[in-house]
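Notes follow once the structure below has been shown.
Protein chains get the first letters and strands the later ones, always in sequence-line order, with residue 1 at the start of each. Hydrogens, waters and symmetry mates play no part in the numbers below; they use all other heavy atoms, side chains included.
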Amino acid sequence: MDGVWVFIGADSVIFAILFLTFMQDRHADAAVFEASRQTLNADLGGLDTLILLTSSWLVALAVQAVKRDELNRAPRYLLGGVLTGLMFVASKSTEYGQKFAVGITPATDPFYMWYFTLTGIHLAHVLLGTGLLTFAWRRSRQRRFDSGNRAVLECVASFWHLVDLLWIVLFPLLYLMRMAS
Amino acid sequence: MATDADAGPIRSTQLEPYPTDFTSWKFLAWMGPVFLAAFFGLWGVLAGNIPPFPPSASAEEVWQNYHDHRLAIMIGMTVCLSLTACYMAWGVAISQVMQRIEGPNGIWSKVEMMGATITCAPIMTACAIWATAAHEIDSITPQTAHMLYWFGWLLIDLAYLVTSFKIAGCSIVFMRDRRAKKLVPDAVSWWGWVTVASFFVVNAIPFVTTGPLAFNGVISFWIAFFTWFFWIPSMSYFIIKAVDRIKAEDAADGRRID
């Protein structure tokens, strides 16, 4: 399963390219990007960050439980990971709904094109990760992971940590970072 | 669910009693790099698609671009149109390698063969459309030139799912390879998944003319095309080597080698 690192590494590089391109566009159109940034709901963004950090922590606990052969605990932690993943989806849907309700779409301006693109691609990662966590949760309930057989679980967990890490960069980049005056 | 792949590598003794034409097989395996060189050099560089002329350009600007670069576009597109058939030939070579993992009745090797072949269709047609625009540029209106330019891009981009299927098939089969040293390493298979994932966003190109999702944008062009450009030589390298390895396996099994 070592090849999964190629996927994670490539995904990270692709996001790094996107972040740099975003910064380049932001620099070129600073006033529009700053004005639109101020219309984002940073509280919801902060809540999303807390949700994903909690989720990542729960998944790390699940891997630790499997390593220690505490097989009753792992499914509970993984279910927590699934539920927090779904909470993120609900939160992001609420945020999108708020934007659409006031007529903000990707066509509004270059900032919102980037906002919906970056958060949309990240949301696709969350959906994929939540699906993989559900798969891992079902397998752990069937006692198919233990300290000697945890490669699949660790691959899923690594992907989920990447999803968390990407959001930790996305949140300040989109919601918090002010243009220098 | 048990698959043919679960039974381990397919040995030559399980195949029909005809010798394998390894020379032709290897020749076809080299068609991947030939296609990439043609597509990158002719379609991309000579015809000016790397980077693409902006989708936000007006009809007059598109017309002027075709007028100014008429000969380069015509040469790039027409030669690329012909050489795109190499992708089909390469797909057959990959498909044959896949059969040595999933068996002669394996379903993904057929998806690979058909996927590689059908991938040629939108590329060839788009090249013909752009070549026609260049050829006829002095007798068509800017609006027609603009329409033909967009027609080509919509066709070459939005037909991505055919290629996604074949790349996914390769990744699935090569990851199932039970050899101690796989014919195609997992790293290439996982890069295949990255390539598949990077294609999906091009669905947005009909709706945007600027930004990361436009057909010249960082996602829809630079990432989507260049993950594929990297997958082709990576896969080619191991397919060319796989032909030699399979030949050695057959020789070890005492099978007649041509």
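- Other residues, nucleotides and ligands contribute only 12 or fewer heavy atoms inside 6.0 Å of the CZ atom of A:Arg141.
- Atom-to-atom distance recorded for B:Leu213:CG and A:Ile121:CD1 is 6.5 Å, nearest 0.5 angstrom.
- Within a 6.0 Å sphere centred on CH2 of B:Trp30, heavy atoms belonging to other residues, nucleotides or ligands number 12 at most.
- Counting non-hydrogen atoms of other residues, nucleotides and ligands closer than 6.0 Å to OH of B:Tyr237 gives a total of 12 or fewer.
- Shown here for A:Val6 and B:Trp190, the closest heavy-atom pair between the two residues is CB-CB, 4.1 Å.
- A:Ile14 touches chain B through backbone and side chain together, each having a heavy atom under 4.5 Å away.
- For B:Trp222, the CH2 atom counts as densely surrounded, since its 6.0 Å shell holds more than 12 non-hydrogen atoms of other residues, nucleotides or ligands.
- Two residues are said to be in side-chain contact when any heavy atoms from C-beta on lie closer than 4.5 Å; A:Asp11 and B:Val194 fail this criterion.
- Nearest approach of A:Gly3 to B:Asp186, heavy atoms of both residues: CA-CB, 4.1 Å.
- Within 6.0 Å of CZ in A:Phe19 there are more than 12 heavy atoms belonging to other residues, nucleotides or ligands.
- With a 4.5 Å cut-off on non-hydrogen atoms, B:Thr227 touches chain A through its side chain but not through its backbone.
- Contact check for B:Val201 versus A:Thr117: no side-chain heavy atoms found under the 4.5 Å cut-off.
- Atom CD1 of B:Ile107 has 12 or fewer neighbouring heavy atoms from other residues, nucleotides or ligands inside a 6.0 Å radius.
- Taking 4.5 Å as the heavy-atom cut-off, none of the residues of residues 78-108 of chain A approach chain B.
- Between chain B and the residues A:Asp25, A:Leu18, A:Leu118, the most heavy-atom pairs under 4.5 angstrom are made by A:Leu18.
- Contact annotation for B:Val208: only side-chain heavy atoms (C-beta onward) come within less than 4.5 Å of a heavy atom of chain A.
- Residue B:Ile219 holds its CD1 atom at 8.5 Å from OG1 of A:Thr21, rounded to the nearest 0.5 Å.
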